Amino acid sequence: MEYPFDIIEKKWQNIWSKKKIFNAIDFSKKAKYYVLSMFPYPSGALHMGHVSNYSIADAISRYKMMQGFNVMQPMGYDSFGLPAENFAIENNSHPRITTDENIKIMRNQFDSIGFGLDWEREVSTCHSDYYRWGQWLFKRMYEKGLVYKKTSFVNWCDSCQTVLANEQVEDGKCWRCETVVRQKELEQWFFKITDYAEELLDFSKVIDWPERVKTMQTNWIGKSFGTEMWFKLQDSDDIIKVFTTRPDTIFGCTFMALPPEHPLVSQWLKNEPENSEIRKFCDKVMNEDKITRTAEDTTKEGIFTGRYALNPVNEEKVQIWVTNYVLMDYGTGAVMAVPAHDHRDFEFAKKYNIPIKLVIQNPEKNLVLEEMTEAYIEPGILVNSAQFDGMVSIASQDAITDWMTQQETGKHTITYRLRDWGISRQRYWGTPIPVIYCENCGTVLVPDEDLPVKLPEKVQLGKTTQNPLLSVPEWVNTTCPKCEGPARRETDTMDTFVDSSWYFARYADAKNDKIPFDKEKADYWLPVDQYIGGIEHAVMHLMYARFFHKFMRDIGLVSSDEPFARLLTQGMVTKDGAKMSKSKGNTVDPQYIIDRFGADTVRIFMLFASPPEKDVEWNDEAVKGAFRFLNRVYRLFEDEDNKNYLELIKKYYNTSNKFNTVGKEDICILIKELRYNTHNLIKKVREDIENRVHFNTAIASIMEYINLKDFSRIYWTLDPESFYNNTEKTIYADAFAVIPRLLYSFAPHISEELWEMIGNKELVHETGIPEYNPEYLVKDEITYVVQIMGKIRGKLSVAPSTSEEEIKEKALELENVKKYLHGKEIKKIIVVPNKLVSIVAK
RNA sequence: GCGAAAGUGGCGGAAUUUGGUAGACGCGCUGGACUUAGAAUCCAGUGAGAGCUGAUCUCGUAGGGGUUCAAAUCCCCUCUUUCGCACCA
């Protein structure tokens, strides 16, 4: 017989919902605990990845509820975005319709798994009562000088028909559709995330984040110390700024390398004939996609511009080349090339016969320019460097930079790899940027009282490659808020990562229609105590959200420095070794599993299969194993044959969390052992969750516990009511009563049911978390392992009070020990208390 | 190429925090009970090898070396895998 999971799960979901136990209370006197999982994109139905993610969050959340915290676990939908728009184009529908449908489906599924979510705080980013505040925040950011518009080369995805931020390009491909990204010159809105680069490098205010994520963000921001140098052009007043981390090699600079995108290059090209070599070269390079262009094995190419710059330290003429290996978006977008001491410059100079000049000599002083086959990039001693000759290169770096600062030809500088965040998207299904362009007044922000700028519902999607909002003239054409003259609205929408950069704060006050959220409430709930989500957002969402949070702090919306105190990056759900995905055809529908085995089974499987941060390999058979386990637990309480047995538990179990045994009567060994196991289990489960957040081992211990021989022996062969005294009966009853309470975090429905079956009126979490009593963990006998020269030769059971001397004696008396010690001299005996005896003999 | 993490039965994983009985727990597999049969359930076994069933012994945590009475755990080298970064000046 299978236990009636379907009835049980519905029943408790209804009770929870009626009692509103998951509705978090603002400013409760209890300590707050904010558990948050990354909200889903409403793509249709929940997939296994969601189930895994939310099962982890729910386990933590319910455990914290048992511990008496005022827990908030909200949920919402990251509901703007391209897939909905693309789906609407293909199916001649509207994203609003499909998104709402999908949300309905997912909402039902959330309820059918029984996650403890506070639906009073639900947010959906595509609703104007949410994105209104995104627009409001955009304006505050603009006022603070953190938003600007500029024309530049940006990442363009032909398939998505939109721009992508740098973080959203992986290996030169679109993070969403893997189309190769190409560079396109466009006017774009940017968020000045670089203003916060330094603070984003500082993780001292988070409590517990995986090192991996911190490292990834740190590398992404890419801070490096160096020198900026200013090269004058030979025939004009223009100056080229370069950034270098090797100012010690400046005297060896023989050419300058510029990317075709460099502003000076564009300027020069204006005077070039239509089919000049240099123009052809620039066009060719700029049309290459980012991967081929930046791949390490791409051949370095370039063309001499015929122009010269002057080396600021010695006025030497330096050739200016346009090349394919310099990037416009790092440093100053120009490189002083020192072929002798940089392998890229070396390769290039050899290929084009550009002079090479040795300025760093190795410590052995045996470098000969003519014999060099590769650049010498190590530190060394300066040569051919005027007054700096003889200096060690590390020391000379500061000396040269200081001297250049005096000469006003350069300065110390810090460069970041991080670029400003391009947030304009040339698509419809996103937050409208609250900007109006007036013929008279220029760029005007939409006044706060006119927010939200609502997305028009009627729109032409996907018919042209132009921005869809341009197809709604009655929306685009408006009047200027300042002069009331004719004006046009901005038709780009915001990157959806903007929407997800502050939603965690909105949950604190999700229904506010005056401001994004009340500061008091935000300060009560934030930071998120435990954030859970996939590692794929390490440098996208997780960095943007930190940036937004710091910005919100700086305009006085929140007081905390970081949005997420603890971060858990959960693994993927895989099948046949690969991530579940529709394209690979290896998906398993959670709903089918829930219908067949119940939500508790799916949760147990997910949490038991591996620790949360590791991947979970889906296994149909192992799911049945989880189901079998829950059936066994249920049967333990079911008591079909003997009603007295369940009555006995009801009558005698301890409602106190301490599980102290009240009576003074003697208890038999069997029962004492059982009590030991009960308290040991409490300890183990609590430690696994509290110290390590490892649910797999906690569940394993519960399995082990219910498999105990003691259980079946007591259960099947004895009549406890007449056989045991009252103390023993209490211990016996407690042994059962503890099970639902320890299982609750992982399988809440069955736990509530069992808890009720033994006569409880309270819900499990209301009773609190069980505590173990260390006194009951003291054993009557301790088993020592006896080793001789590190090999196990016997075991020894002694009373805990036995002295070390006695233990040694007893160990030496063991038959097997005697056998191995025969003819040997004992050098030393080591006794590790409560564990082992190690005999050193020769 | 640089950086990080990890390598344990047929599989997922435990023991690594604190050096102290390696393989908990689950899946799978083998045998048995129940059944007309199956499913389900229950019982027993399950790292490799030797040994008469036994007691017991040998080997065994990617490979090699080291520290130690004792190493999956600490140190060094090698290999492999995964992840991140990668013409960043």
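In this text the structure is predicted, and so the values were computed from the model without any measurement. Numbers restart at 1 for each chain; the letters A, B, ... are given by sequence-line order, proteins then strands.
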Can you tell me the distance, in whole Å, between the CZ atom of A:Arg632 and the C1' atom of B:C27? 12 Å

Please report, rounded to the nearest Å, how far the C1' atom of B:G26 is from the CE atom of A:Met606. 15 Å

Nucleotide of [options] approaching [X] most closely (side-chain heavy atoms):
X: A:Lys835; options: B:A24, B:G20, B:A89; result: B:G20
X: A:Met703; options: B:C88, B:C69, B:G26; result: B:G26
X: A:Tyr325; options: B:C69, B:C87, B:A89; result: B:C87
X: A:Lys300; options: B:G20, B:G26, B:C87; result: B:C87
X: A:Val840; options: B:C25, B:G20, B:C69; result: B:C69
X: A:Phe608; options: B:U21, B:A89, B:G12; result: B:G12

Grab the N/O contacts between the protein and nucleotides 80-85 of chain B below 3.5 Å, and write none if there aren't any.
from: B:C83; atom 1: O2'; to: A:Arg212; atom 2: NH1; distance (Å): 2.8
from: B:C85; atom 1: O3'; to: A:Arg417; atom 2: NH1; distance (Å): 3.2

If the glycosidic angle is within 90 degrees of 0 it's syn, otherwise anti, so just tell me which one B:G9 is. syn

So what does [X] hit on the nucleic acid, given a heavy-atom distance under 4.0 Å: a base, only sugar-phosphate, or nothing?
X: A:Thr415; answer: nothing
X: A:Glu617; answer: nothing
X: A:Val242; answer: nothing
X: A:Gly222; answer: nothing

Tell me the closest heavy-atom pair linking [X] and [Y], and the distance in Å.
X: A:Ala349; Y: A:Ile356; value: CB-CG1, 4.0 Å
X: A:Ala59; Y: A:Leu607; value: CB-CD1, 4.1 Å
X: A:Trp618; Y: A:Val573; value: CB-CG1, 4.5 Å

Compare side-chain N and O positions of A:Arg628 against OP1 and OP2 of B:G26 and report whether any pair is under 4.0 Å apart. no

A:Arg635 side-chain N/O to B:A40 phosphate OP1/OP2 under 4.0 Å: no

What interatomic distance, in whole Å, is found between [atom1] of [M] and the corresponding atom of [N]?
N: B:G38; M: B:U21; atom1: C1'; result: 43 Å
N: B:U8; M: B:A14; atom1: P; result: 12 Å
N: B:A44; M: B:U67; atom1: P; result: 46 Å
N: B:A6; M: B:U17; atom1: P; result: 12 Å
N: B:C69; M: B:A62; atom1: P; result: 24 Å
N: B:A15; M: B:C74; atom1: P; result: 14 Å
N: B:C57; M: B:U18; atom1: C1'; result: 32 Å
N: B:A55; M: B:A5; atom1: P; result: 44 Å

Got a donor-acceptor pair under 3.5 Å from the side chain of A:Gln787 to the base of B:G20? yes

Can we say A:Arg344 and A:Glu347 salt-bridge, meaning some charged N sits less than 4.0 Å from an Asp/Glu carboxylate O? no

Between A:Lys173 and A:Asp171, does at least one N-O distance fall below 4.0 Å, as a salt bridge requires? no

Between the protein and nucleotides 63-65 of chain B, list every N/O to N/O distance that falls short of 3.5 Å.
none

A:Cys174 side chain reached by A:Leu164 side chain, heavy atoms, under 4.5 Å: yes

So do the side chains of A:Asn834 and A:Tyr784 get within less than 4.5 Å of each other, counting heavy atoms only? yes

Have a look at A:Leu681 and tell me which of A:Val685, A:Asn677, A:Thr678 forms a side-chain contact (heavy atoms from CB on, under 4.5 Å) with it. A:Val685

Protein N or O to nucleotides 14-16 of chain B N or O, pairs below 3.5 Å:
from: B:A14; atom 1: OP1; to: A:Asn696; atom 2: ND2; distance (Å): 3.2
from: B:A15; atom 1: OP1; to: A:Arg692; atom 2: NH1; distance (Å): 2.8
from: B:A15; atom 1: OP1; to: A:Arg692; atom 2: NH2; distance (Å): 3.0

Listing time: all N or O pairs from protein to nucleotides 56-62 of chain B that are below 3.5 Å?
from: B:C57; atom 1: OP1; to: A:Arg793; atom 2: NH1; distance (Å): 3.4
from: B:C57; atom 1: OP1; to: A:Asn816; atom 2: ND2; distance (Å): 3.2
from: B:U58; atom 1: OP1; to: A:Arg793; atom 2: NH2; distance (Å): 3.2
from: B:U58; atom 1: OP2; to: A:Arg793; atom 2: NH1; distance (Å): 3.4
from: B:C59; atom 1: OP2; to: A:Lys791; atom 2: NZ; distance (Å): 3.2

[X] NZ/CZ over [Y] ring centroid, <6.0 Å and within 45° of normal:
X: A:Arg603; Y: A:Phe746; value: no
X: A:Arg566; Y: A:Trp209; value: no
X: A:Arg596; Y: A:Phe5; value: no

For A:Met404, which residues count as a side-chain contact (heavy atoms from CB on, under 4.5 Å) partner, sequence neighbours excluded? A:Met229, A:Pro312, A:Val313, A:Ile400, A:Thr409

Heavy-atom count check: over 12 atoms from other residues, nucleotides or ligands less than 6.0 Å from A:Lys241 NZ? no

Quick one: stems for RNA chain B, with Watson-Crick or G-U pairs under 3.5 Å, at least three in a row? B:1-7 with B:79-85, B:10-12 with B:25-27, B:28-33 with B:41-46, B:47-50 with B:56-59, B:62-66 with B:74-78

Classify the angle between the aromatic ring planes of A:Trp321 and A:Tyr352 as parallel (below 30°), tilted (30 to 60°) or perpendicular (above 60°). tilted

Does A:Phe348 have its ring centroid less than 6.0 Å away from the ring centroid of A:Tyr325? yes

